[in-house]
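All values reported here derive from a predicted model rather than from experimental measurement. As a basis for the values below, the full set of heavy atoms in this structure was taken, side chains included, without hydrogen atoms, waters or symmetry mates. Here is how names work: the chains are called A, B, and so on, in the same order as the sequence lines, proteins then strands, and each is numbered from 1.
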Protein chains: 2
Amino acid sequence: MTDNRLSRAFTALADPTRRDIVARLALGDATPGQLAEPFDVSLQAVSKHLKVLEDAGLISRSRDAQRRPCHLETEVLDLMSAWVERYRRRAEERFQRLDAVLASLDEEEEEAS
Amino acid sequence: MTDNRLSRAFTALADPTRRDIVARLALGDATPGQLAEPFDVSLQAVSKHLKVLEDAGLISRSRDAQRRPCHLETEVLDLMSAWVERYRRRAEERFQRLDAVLASLDEEEEEAS
DNA sequence: CTCGTATTCAACCGTGCGGTTGACAATGCA
DNA sequence: TGCATTGTCAACCGCACGGTTGAATACGAG
């Protein structure tokens, strides 16, 4: 369940073009045409990327005449941030603890000398 | 550059098995054998997953006789967290601002009534 | 209704991923 | 040295990805 959501989210952001699109949308909503313009890929390719991002829940799309403005959503970013932060913190704690062990070893050396 | 690092990192975590491995390693170092045991995939498959994680910089491997214990690294997790957090925060800010606009519209309605 | 604009859909293609099985390398132990 | 343990390398397979081009759709303007 949540597993699939995370898989889709990480897969979506594994592509540099899609990360660029997310970065662009963080500044404000934009249409596929506007999003395609700075990149050297076809509009159809961008459309596919947007579908991937939408399926991942990272963006939503509304309607304005022929245009389909894209909007960056926060919920999935929250999920991803929480996942990464969780294990980053644990790894960090283990790292600190290792430092503590090394420090105590140093102390023992000091005392021994 | 950093682009490739992020791509490799997101790609690595796009796979549920690899996320499980990371979760396991957050509790402590483990050998490929120990990591393969709880999963219903071959040791070779796990070995491949570990190579992907290592190439992404998410884990490092040392040597202990025949064993190759795996260790979770924090640096790339830091990178990922920073990237996600950056855009999550921007999207959040834009969301708050939208709320503010809606609230001010409500106020105008109140005053008009 | 017709035309132009904006976007998506469909089919195809090359490449890479995740899985398998089988052979090989590295190390500890009798 | 011979053998068991642990892990990796290599070749193959099915499938999904990211890209393309060409056709179809949806809508506003005239």
Side-chain angles (χ1 to χ4, degrees), chain A residues 3-25 28-72 76 80, chain B residues 3-25 28-72 76 80:
Chain A
D3 223 47
N4 263 328
R5 284 179 64 128
L6 277 178
S7 289
R8 274 198 290 266
F10 279 115
T11 300
L13 294 187
D15 185 275
T17 301
R18 286 195 290 261
R19 285 201 304 279
D20 285 347
I21 289 176
V22 166
R24 167 64 185 79
L25 289 177
D29 296 359
T31 67
Q34 293 171 325
L35 291 170
E37 189 261 320
F39 301 110
D40 55 349
V41 292
S42 66
L43 177 62
Q44 291 96 321
V46 170
S47 185
K48 276 194 183 183
H49 282 308
L50 292 174
K51 180 155 179 45
V52 172
L53 289 169
E54 186 178 27
D55 288 347
L58 283 163
I59 70 171
S60 61
R61 287 189 272 188
S62 48
R63 201 167 241 309
D64 168 27
Q66 310 100 350
R67 265 143 265 130
R68 305 291 315 271
C70 302
H71 178 79
L72 185 58
V76 174
M80 299 183 77
Chain B
D3 222 48
N4 263 329
R5 282 178 65 124
L6 277 178
S7 289
R8 275 199 289 266
F10 279 116
T11 299
L13 293 187
D15 185 275
T17 300
R18 285 195 290 261
R19 286 201 304 281
D20 285 347
I21 289 176
V22 166
R24 167 65 183 79
L25 289 177
D29 296 0
T31 66
Q34 293 170 325
L35 290 170
E37 189 260 321
F39 301 110
D40 55 349
V41 293
S42 66
L43 177 63
Q44 291 96 322
V46 169
S47 185
K48 276 194 182 184
H49 283 308
L50 292 174
K51 179 156 180 42
V52 173
L53 288 170
E54 186 178 27
D55 288 348
L58 284 162
I59 70 170
S60 60
R61 288 188 271 186
S62 47
R63 202 169 240 307
D64 167 27
Q66 310 100 351
R67 266 142 262 131
R68 305 290 315 271
C70 302
H71 178 78
L72 185 59
V76 174
M80 300 183 76

Between [atom2] on [N] and [atom1] on [X], what's the gap in Å once rounded to a whole number?
X     : N      : atom1 : atom2 : answer
B/E37 : D/dG7  : CD    : C1'   : 16 Å
A/R68 : C/dC9  : CZ    : C1'   : 13 Å
B/D15 : D/dA16 : CG    : C1'   : 13 Å
A/F39 : D/dT20 : CZ    : P     : 13 Å
A/L43 : D/dG19 : CG    : P     : 13 Å
A/R8  : D/dC17 : CZ    : C1'   : 16 Å
A/I21 : D/dG18 : CD1   : C1'   : 12 Å
A/D20 : D/dG18 : CG    : C1'   : 15 Å

Taking A/L53 as the fixed residue, which of A/V76, A/D15, A/I59 is the one that meets the side-chain contact (heavy atoms from CB on, under 4.5 Å) rule? A/I59

Rounded distance [0.5 Å steps], CD1 in B/I21 versus CG in B/L72: 11.5 Å

Evaluate side-chain contact (heavy atoms from CB on, under 4.5 Å) for B/R18 paired with B/L58, printing each intermediate quantity in order. CA-CA 10 Å; B/R18 285 195 290 261; B/L58 284 162; over 6 Å; no

Does any non-hydrogen side-chain atom of A/L25 lie less than 4.5 Å from one of A/L35? yes

In the structure I gave you, are the side-chain heavy atoms of A/S47 and A/P32 within less than 4.5 Å of one another anywhere? no

Hey, which sits more toward the 5' end of DNA chain D by its nearest nucleotide, A/T11 or A/Q44? A/T11

Between A/T31 (side chain) and A/R68 (backbone), is there a donor-acceptor pair under 3.5 Å? no

Closer than 4.0 angstrom, basic N to acidic O: yes or no for B/D55 and B/K51? yes

Between [X] and [N], is there a contact of a side-chain N or O with OP1 or OP2 at under 4.0 Å?
X     : N      : value
A/S42 : D/dT21 : no
B/S47 : D/dG7  : no
B/T31 : D/dG7  : yes

Report, as a single string ordered 5' to 3', how protein heavy atoms within less than 4.0 Å touch nucleotides 24-30 of chain C: B base, S sugar-phosphate only, - not at all. ---BS--

Within residues 48-61 of chain B, those residues having any heavy atom closer than 4.0 Å to DNA chain C are B/K48, B/H49

Only one of A/H71, A/Q34, A/R24 forms a side-chain hydrogen bond (donor to acceptor under 3.5 Å, both in side chains) with A/D29, so which one is it? A/H71

Sequence neighbours left out, what pairs pass salt bridge (Lys or Arg N to Asp or Glu O under 4.0 Å) with at least one residue falling in residues 56-67 of chain B? B/E54-B/R61, B/D64-B/R67

